[in-house]
Amino acid sequence: MKGLLIFLSLLLAGCIQLGEVPHPQNYYLLEPLTDPVPVLDNPVSELTIDIQDIVFPSFIDKPYIVFHDRDNLVTHQQAERWAEPVGDNLQRVIHANLTRLLNNSMVYMGPWEQRPAAALKIEIRIEDFSGQPGSTANLTAFWRIDGNGTSRQEEFRQRTPIGPQVADLVKGLNKNLDDFSIALARDLKNSI
């Protein structure tokens, strides 16, 4: 009886090992601009900016990195993931980039921060934040600025050629986000 229990235990342990070996998971983060920070055209006087909302399609709001090609195919690999929710990462990077690019300004984001009523209000809508390794990293975004008695909307579209690895896609997306932040900062400077 004792031998049968040992045999069954070994058999059960062997069955558990017969499954597919799990693949390691890779986790990626978007990072804010690093040195050197691009010099914007004119020195900016102090701005007060209120980033009210950043919205993006639900197909992007996944824990894994989305691959999107020109044939309308959206795929992912379970092993290639964002290290934090992509929406939180986007908000954090855009906030840090604007704070750095507009260094004399106050940039507010989130409902927990008390902001002055005279702040320039920004709404950001991201329509595409995806790509395909070996092809391009894509960013399509629109922003609206309300303040100083005016309201206007602008758009940003960029496709960055990238290498064949998922890390290349993330670097391309990060470059697009940096360039978007620079375009938005320039537009904010022009709104005063």
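Looking at Asn89, its side chain does come within 3.5 Å of a backbone N or O of Leu30 through a donor-acceptor pair. A donor-acceptor pair under 3.5 Å is absent between the side-chain atoms of Asn97 and the main chain of Pro32, judged by distance alone.
Remark: the Asp128 side chain and the Thr140 side chain contain no N/O donor-acceptor pair separated by less than 3.5 Å. Donor-acceptor pairing under 3.5 Å is recorded for the side chains of Asp146 and Ser151. No donor-acceptor contact under 3.5 angstrom links the side chains of Tyr64 and Gln77, judged on distance only.
Between Ile65 and Tyr28 the shortest side-chain heavy-atom distance falls below 4.5 Å. Looking only at side-chain heavy atoms (C-beta outward), Val55 and Ile124 stay at 4.5 Å or farther from each other. Within the 4.5 Å cutoff, side-chain heavy atoms of Phe129 are placed close to those of Leu173. Between Gln153 and Phe142 the shortest side-chain heavy-atom distance falls below 4.5 Å. Looking only at side-chain heavy atoms (C-beta outward), Thr48 and Leu120 stay at 4.5 Å or farther from each other.
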Listing, residues 161-172 side-chain donor-acceptor contacts under 3.5 Å, not counting sequence neighbours, or none:
{"residue": "Asp168", "atom": "OD2", "partner": "Gln165", "partner atom": "N", "Å": "3.0"}

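Between Phe180 and Trp143, the gap from one ring centroid to the other is short of 6.0 Å. Aromatic rings of His95 and Tyr108 (six-membered ring for Trp) have centroids beyond the 6.0 Å cut-off, not under it.
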Checking side-chain contact (heavy atoms from CB on, under 4.5 Å) for the pair Leu102/Lys189: CA distance, chi angles, key distance, verdict? CA-CA 8 Å; Leu102 303 169; Lys189 280 183 53 175; 3.7 Å; yes
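For the pair Ser105 and Ile49, the tightest heavy-atom approach, listed with the atom from each and the gap, is CB-CD1, 4.4 Å.
Atom CZ of Arg100 has more than 12 heavy atoms from other residues, nucleotides or ligands within 6.0 Å.
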